[in-house]
Amino acid sequence: MRVKAISKLTLIFSFLALILTGCIEHNDINEMNFVLGAAFDYNTKSQLYEVHVQVAKTEAFAKGDGGQAEDTFLIYDGKGKTVFEAVRDLAKNGRKFFWAHCDVYVIGSALANKGIYELIDFLFRDNETREEAYILITNEPVKDIVTLQDGYSKVPMQSLINILEQGLDAYGTSTRKRVSEVFDELLYENNSYLLPLVYVRSPQYTSKNATRKFHITGAAVFKGQKMVGTLGPIETKGYNFITNNIANTVESINYKGNNVVIENITAKSRIRVNAANDEPYFLIEVKTSGNFASAGNPINIENPKIVKEIEVLFGELRKKELVTSINRAQELRTDYLGLGRETEITDPKLWERIKDQWQEEIFPNVAIDVSVKPQILRTGLIITSKPGEKYVNKEQH
Amino acid sequence: MFRKLFNKASSLQNKNTKFNAENSKKIKNNIDTIKEELKKVLGDSADLVIRKISLNSSCQSALVVFLDNMVDLDIINESIIARLQNAPKNAIDDKDLLVHSVLSTSKVSVTSDFDDAINQILYGNTAIFISGFDEAIITDTVGYKTRNIQPPEIEVSIEGPKDAFVESIFINQTLIRRRLVDRNLRFEQINIGRRTNTLVTIGYIDGLTDPGILAEVKKRLLAIDTDGVFGIEMLHEYLADCPLSIFPTVLKSERPETTVSCLTEGRVTILADGYPFALTVPTTFAQYMQAGDDYYQNFYYGTFIRWIRYLSYFITLTLPSLYIALVTHHWEMLPTPLALAIAGSREGVPLPAATEVFAMELTFEILREAGVRLPKAVGQAVSIVGALVIGQSAVQAGLISPGVVIVVAFTGIASFTIPRYTATTPIRLLRFPLMLFTSQLGLPGLVSGLLVIWGYMTNLTSLGVPYLAPFSPTMIKDFKDTIFRFPRWAMNRRPQSVPSLDKKRVASYVPPKGDLEK
């Protein structure tokens, strides 16, 4: 009987809810603008935030309407003293803007130099915007990013997600960050981190309507909420190896005049912290292993000695990358490698003493050793591409 | 309020039960009076035959009374009339001798109750009144035409037996008994309906079925005092624990082997003459998701297909509401490409999404009903019109968005996977209030609606057995034959949910290891 009473009550309350809330405001799905990509910038002259959004033109997404050369997306913009005002300013252009499907944000260099805290705060606080959206930085004019049509995605900024999620894994010279991760970084005071850099590039040959392409490479270095510099591809790659962000990339090694290409397959790094006299020093161990992608003007890779030599060269190359990245970090006085955090974990007391001078004074001069353990695993599907031929360097052994 | 009405109705019933006992009449020993009385009771009905014969050309005469077309005339001619006319002299005055040695029909009984004799005539038996006796001899001569046993039409199966119940209760009993050769199988006969006098049998296995359940079934059936039985669903309405339940709580099946398996689980079956279905009680919700084919096919597949059915049941109930919720309230829950595709296809559609789904679901129900009602020859037209007009033209004209057509069609198809037709009717009805809830409140509305339905189902019982057993209350052992279909040797116990006197079903079985003894 008790169950009966409860179910009766539920029934009554549900009906009440139904009757009393009869005028809940709701729109149908086709009555709003789906924001699929947004670019934020700051106008230093007028001191206003600017937001440019790419909105899907939904008709173009229905199959069978034969959408001929029609626009598949629309660009709207808004301005305001704060980020939120700029976003609300958009609404003057048309229907309600719906942000929950927007998963990529690009930040212009002016805003990046001014500081991104207000923007990240808004993106993380608002209930519609998604915290797993990607954030990118550009040094190009924001206009170029927003108006670019690469002919691939119906809403072009969605291509950025493809590059970040799939393309990036094959070359590894950039990084990726989500809003929530940037928010985490901002929680630490004076923290440094990297955000991917996006460029606009005009390829040599293009199809008719897609004359320019997005190009993500390198990274923007942030200290706190401000951008302080940029990293090139090699430096970013080194960073990725140190922070375990990468597995697959390509290296070419000059072995006695032959170009041998190694495809990196796995990588694992470990940062060891040692402290002596209140001065920490670091040992970064990177295990890196790869397969032969091509073996030059055939080299006898049946010979373990030769493979060993190539392995050593491979290790040296990797070490050079890592050192370049570390040097650049020290030069910029930004600890985006996370060494400070490692110190805090291994020796909290020491960290308490040094944390205030860490980034500016200690980190640039701290001793960092790099040890690389290279390994070549497999030869690929063939041993040699010239069976029966003499190996070029056979006589040398 | 309804409950009060029901109580009133049942108290009225109790008053009327003594009706038959008071009016019983003895049989007179004068043939002419009997003839007059028969004419008075049965009137000048055209099919009433009262044949007067004399026994062994003596002055002793007899009346052979039967209804034309209800009887097998060959039996009456050869085994009754011919035998009586040539009865030996010494048998003429001796009723026992007549019954035992003269009449050569298989079933003979003697009654002194006039009303009973009349009833027997009405059932197609033949009554013999002999002058000087104050009793009538009743011989079984039923010989009316019945439909042949045909394949089941509603509960279709791929690899199952191809016979289904027919309208004749006797054939139906045979169908059960042929599959259940058990000396303890009992059929108890009662008559229900003051005018229809429908034969109803209660079948059970003595020593297995719980006597309490059996007694309760009998009590409820005997309490029925009404004009007549019209459709087996009527018995369901009298048998159900919760008469106002929207969910069926008495299993209806047209497949004899389903009924047999129910009997062996300790359930009680009810057959009614004239209706090609058997009812079984107690019934649980899980039974509606079991089809015969689960057992005729590999058990892995049986389990898989059962899960598909539970999923379909859920889809039928919730998919239209879910669509409404996602399209009118929770746009962020759709994957981006899907959201854009739906939004794009809805561009220019005049109706709000909720109204659209509601209208289309109603249209689908109309089409379905039209398909059932139309004569078979015209039935094709409905599907053509339905598919063309609703499916294509409405979309092309931009009145309906294609997404809705897909949702409605999928909901309809999902509802066809439920093996028992009666199980789909409640969900087909309930999805409309659910849609209403959801269109106003979004997913919280859908969830609260589902909770109300769930709570309601939990509360239902079928002859004391919880409707949602073995899920709630949870009976893990019963999962072997509800959400799973274990091999038969692993189902070593009868369902826990149904009380029975013998819990054990199979002797313990060790699967062979595969190495033959040398």
Side-chain angles (χ1 to χ4, degrees), chain A residues 1-37 55-65 67 72-73 95-96 98-104 127-130 133 153-155 158 161, chain B residues 242 323-357 395-396 398 401-403 433-434 436-442 444-460 466 472:
Chain A
M1 283 326 271
R2 203 176 157 75
V3 179
K4 199 167 256 180
I6 290 169
S7 61
K8 260 183 198 164
L9 267 182
T10 324
L11 198 72
I12 290 166
F13 278 117
S14 319
F15 267 116
L16 276 182
L18 195 67
I19 295 158
L20 297 179
T21 56
C23 299
I24 281 188
E25 198 184 335
H26 66 256
N27 307 63
D28 277 351
I29 196 165
N30 51 324
E31 288 169 355
M32 66 195 105
N33 283 326
F34 282 92
V35 177
L36 289 193
V55 167
K57 206 174 169 200
T58 46
E59 288 99 322
F61 287 81
K63 290 265 158 30
D65 275 359
T72 53
F73 70 103
R95 303 194 276 201
K96 181 188 174 346
F98 188 63
W99 284 76
H101 286 284
C102 180
D103 35 19
V104 58
N127 64 340
E128 258 183 31
T129 50
R130 298 222 157 177
S153 300
K154 280 182 175 172
V155 178
Q158 293 280 305
I161 297 162
Chain B
C242 316
Y323 179 81
I324 293 177
L326 292 180
V327 169
T328 60
H329 288 85
H330 311 284
W331 317 284
E332 68 279 354
M333 285 182 68
L334 290 165
T336 307
L338 184 59
L340 291 174
I342 292 177
S345 66
R346 278 198 52 75
E347 208 64 55
V349 173
L351 297 171
T355 320
E356 206 185 335
V357 178
V395 171
Q396 270 177 6
S401 69
L434 268 187
L436 206 68
F437 266 47
T438 317
S439 67
Q440 295 302 311
L441 301 173
L446 175 60
V447 171
S448 59
L450 284 177
L451 279 178
V452 171
I453 294 172
W454 182 256
Y456 179 67
M457 284 172 89
T458 315
N459 198 30
L460 289 177
S472 137

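In the text below, chain A, chain B and the rest are named by the order of the sequence lines, each starting its count at 1.
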Where is the tightest heavy-atom contact between A:Asn30 and B:Gly348, given as atom of each residue plus distance? ND2-N, 4.5 Å

Heavy-atom closest pair, residues A:Ala100 and B:Glu332: CB-CB, 3.3 Å

Do you know which of B:Ile324, B:Thr336, B:Leu451 has the most heavy-atom pairs with chain A at a distance under 4.5 angstrom? B:Thr336

Could you check which of B:Gly455, B:Pro352, B:Pro337 has the highest count of heavy-atom pairs closer than 4.5 Å to chain A?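 Greatest number of close heavy-atom pairs with chain A: B:Pro352.
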
Using 0.5 Å steps for rounding, measure from the CG atom of B:Leu326 to the OG1 atom of B:Thr438. 10.0 Å

Is there a side-chain contact between A:Leu36 and B:Leu340 in this structure, where contact means two heavy atoms from C-beta onward sitting under 4.5 Å apart? yes

By a 4.5 Å heavy-atom criterion (distance strictly below it), what part of [X] contacts chain A: side chain, backbone, both, or neither?
| X | value |
| --- | --- |
| B:Leu460 | neither |
| B:Leu334 | both |
| B:Pro335 | backbone |

Run the side chain to side chain donor-acceptor pair (under 3.5 Å) test against A:Thr129 and tell me which residues pass, sequence neighbours left out. none

